[in-house]
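Hydrogens, waters and symmetry mates are skipped; everything else that's a heavy atom, side chains included, is used.
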Amino acid sequence: MRKIATASVIGTTVEWYDLFIFATASALVFNKVFFPEVSPAVGTILSFLTFASAYLARIVGAVLFGHFGDRLGRKSMLLVSLLTMGAATFAIGLIPDAGTIGLAAPFILLTLRVIQGLALGGEWGGAVLMTVEHAPREQRGWYGSLVQVGVPAGTLIANLAFLLISAFASEEALVSWGWRVPFLASSILVAVGIYIRLNIEETPSFQQVKEKGAKAKLPFVVLMRDYWKQVLLAAVATLSTGSTFTLLVASGVSYGTSELGHSNDLMLWAVLVACLVALVAIPVFGRLSDRYGRRRIISLGILGEAVFAIPFFLLLDTGSAVAVFVAYAVMMLAFCANYGPIATFLAELFGSKVRYSGLSVAYMFSGLLGSAITPAVTVALLEATGRSSSIAWYACGAAVASLVALSLLTRYHGTDLDPAGDDEAAPVAEAAR
C-alpha cells in the first residue's frame, strides 16, 4: 500500500503541477509571448481562455480514459495519461513565440492545452482507484485522501518554480526564456512518476471483473443508463470543492491585489501557506472519514465553507497581512474537510464495471460547474455590485447546492466496492452514514 499510495501521490502531483504552471504562466507572461499584438488586458483574457479550454477537454478525457480504464485496466491508463500530460507540458516549453511563427504559436498552445486537459481527465480517476481499490476497507478514506494531496502539492511546486525563476531572472529574461524552465523541468517529475507506476500491480476489483468476463462493452453507455442520477448528483455535490479552491488560488488573489492593493508577494505567500496547511489537513480528514463516515466529514467541510465565506472577505478587507494569512488558512481547512474524503466517497457510488468512468466523469463535470466558471462569475459579481460580499454569497450558494446533492446521494451510497450480486445495480444505502 505504501508503494501504491506513493505512486498515486507523485503522479497526481505531477499532473496538477503541469496544470498550475500553465495557469501561472497565463497570468505572468503568455499575453506577451503569444498575444503581443493586442492590449495587455485582452492578451491576459485570451491566455485565461486558453487555460479554461482544458475543463471541457477534461470531460472528454474522463469518458475516453474511463472507457479504456474499465476495459483494459487502471494501471495502463495511468501510464498513458501521465506520459500524455508530460509530453504536452514539455512541448509547451518548446513553442516558438508569436514573433517567430505568428498566429501558429497561440494555436499550438491551445492544442497542447487541450491535450493536457484530456490527460488530466483520465489521470485523477485512475489514481484514486489504484489506491482505493487496493486499500483495506477500514482505511479506504485515508488512502483515497492521499491522492487528493496532489492538488495542493502541485500548486505549491508550481508557485515555487516561478518564484525561483523570478528571483534569478530579469523581467525580460522571464518573458524570453525563463517561463520555459518550469515546463521543461516537468519531464524529470514525469520520469519519476512513470518509474514508480511501472512497479505496481493492477487493482483487485478490476482483476475480479476481468476473471469473471464481466467487463462492460461500452462502460459510458452503461454508466448513463444505470448511474446517471449518481453522476449528476455527485457533480453537484463536488461543486463547492472546485469553487472554494478556485476562490483561494485565483479569485481571492486577484481581488486582494487589484481591488485591495495587497502585494503580489503577500497573496502568493498566503496561497503557499494555505497549501502547506492542506498537505497535512487533507489526510487527517481522510482518516477521520474512516472513523466517523465520509458524509459527516464532507458535510462539515461544506458547512465550514459556507459559514466562513463572508468572514473570509471581511478579513481580506482589513488590509492586514496577518488577517490575510488567517483567512486563507481557515478557509483551506474547511476545503480540506470537504475535499479529503470526497474521492473515496465518489468511488463508493459506482460498481467496478463502470467505476473508472463514473468517478472520472462526475469529478470532471464538477470542475466545469465549479472551477471553470468561478473566476468569471466572481469578476462579474464584483463589477456589478462593487462589494466582496456578493462573491461570498456566491460561495455560500455553491456550498448549499453541494450539501443538498450530498444528502440526496446517501440512498445510493455503499461501502462494498465488489458486491457479490449484480455489479450494475445501484449500491445499497450505507447504514448509519
Side-chain angles (χ1 to χ4, degrees), residues 1 4-5 7-9 11-12 62 65-66 69-70 73-75 77-78 81 121-151 200 202-209 216 219-220 222-223 226-227 229-235 237-238 241 282-283 285-287 289-290 293-295 297-298 338-367 405-406 409-419 423-430 433:
M1 279 309 305
I4 292 166
S8 295
V9 170
T12 52
F65 280 90
D70 286 322
R74 291 37 167 146
K75 178 181 176 178
M77 290 304 101
L78 279 176
S81 64
E123 159 68 25
W124 183 82
V128 170
L129 294 188
M130 188 58 72
T131 54
V132 169
E133 290 184 341
H134 271 291
R137 176 169 174 166
E138 66 277 5
Q139 294 180 297
R140 205 182 288 155
W142 157 254
Y143 282 110
S145 70
L146 295 180
V147 179
Q148 305 293 71
V149 168
V151 170
I200 57 177
E202 187 55 83
T203 71
S205 292
F206 179 77
Q207 292 284 21
Q208 184 178 9
V209 170
F220 183 71
V222 175
L223 178 72
D226 297 335
Y227 291 90
K229 290 181 181 179
Q230 288 94 311
V231 170
L232 293 177
L233 288 173
T238 319
T241 63
I282 285 176
F285 286 113
R287 178 76 79 183
S289 77
D290 284 322
R294 244 74 75 192
R295 188 173 63 86
I297 301 301
I298 294 170
N338 184 359
Y339 192 66
I342 200 72
T344 304
F345 180 87
L346 295 180
E348 292 169 341
L349 288 171
F350 304 100
S352 54
K353 292 181 185 178
V354 296
R355 187 172 296 133
Y356 202 133
S357 298
L359 179 69
S360 300
V361 170
Y363 184 75
M364 297 307 160
F365 187 30
S366 79
L406 183 69
L409 273 173
T410 303
R411 60 174 295 198
Y412 300 108
H413 196 254
T415 56
D416 190 352
L417 292 182
D418 302 294
D423 187 60
E424 291 180 8
V428 296
E430 180 189 7
R433 296 199 180 198

Residues two or more places apart in sequence or in another chain: which of them pass side-chain hydrogen bond (donor to acceptor under 3.5 Å, both in side chains) with [X]?
X      : result
Thr131 : none
Tyr363 : Tyr339
Thr241 : none

For the atom pair [atom1] ([X]) and [atom2] ([Y]), what is the distance rounded to the nearest 0.5 Å?
X      : Y      : atom1 : atom2 : answer
Asp290 : Trp142 : CG    : CH2   : 10.0 Å
Gln148 : Asn338 : CD    : CG    : 10.0 Å
Lys75  : Met130 : NZ    : CE    : 7.5 Å
Arg140 : His134 : CZ    : NE2   : 13.0 Å

Verdict with reasoning, Phe345 to Thr238, per side-chain contact (heavy atoms from CB on, under 4.5 Å): CA-CA 10 Å; Phe345 180 87; Thr238 319; over 6 Å; no
Locate the shortest heavy-atom distance separating [X] from [Y]; write the atom from each residue and the value.
X      : Y      : answer
Val132 : Gly144 : CG2-CA, 3.9 Å
Leu409 : Ala237 : CD1-CB, 4.0 Å
Arg294 : Ser289 : CD-OG, 3.3 Å
Leu359 : Ala343 : CD1-O, 3.8 Å

Can you find a pair of side-chain heavy atoms, one from [X] and one from [Y], that are under 4.5 Å apart?
X      : Y      : answer
Met364 : Trp124 : yes
Pro219 : Tyr356 : no
Tyr143 : Pro136 : yes
Ser8   : Leu146 : no
Tyr227 : Leu349 : no
Leu78  : Glu123 : yes

Phe220 and Asp70: CA distance, side-chain angles, deciding distance, side-chain contact (heavy atoms from CB on, under 4.5 Å) verdict: CA-CA 9 Å; Phe220 183 71; Asp70 286 322; over 6 Å; no
Are the side chain of [X] and the backbone N or O of [Y] linked by a donor-acceptor pair below 3.5 Å?
X      : Y      : value
Arg355 : Phe350 : yes
Ser145 : Gly340 : no
Ser360 : Ser357 : no

Worked check of side-chain contact (heavy atoms from CB on, under 4.5 Å) between Val147 and Val9: CA-CA 5 Å; Val147 179; Val9 170; 5.7 Å; no
Evaluation steps, side-chain contact (heavy atoms from CB on, under 4.5 Å), between Gln139 and Arg287: CA-CA 7 Å; Gln139 294 180 297; Arg287 178 76 79 183; 3.7 Å; yes
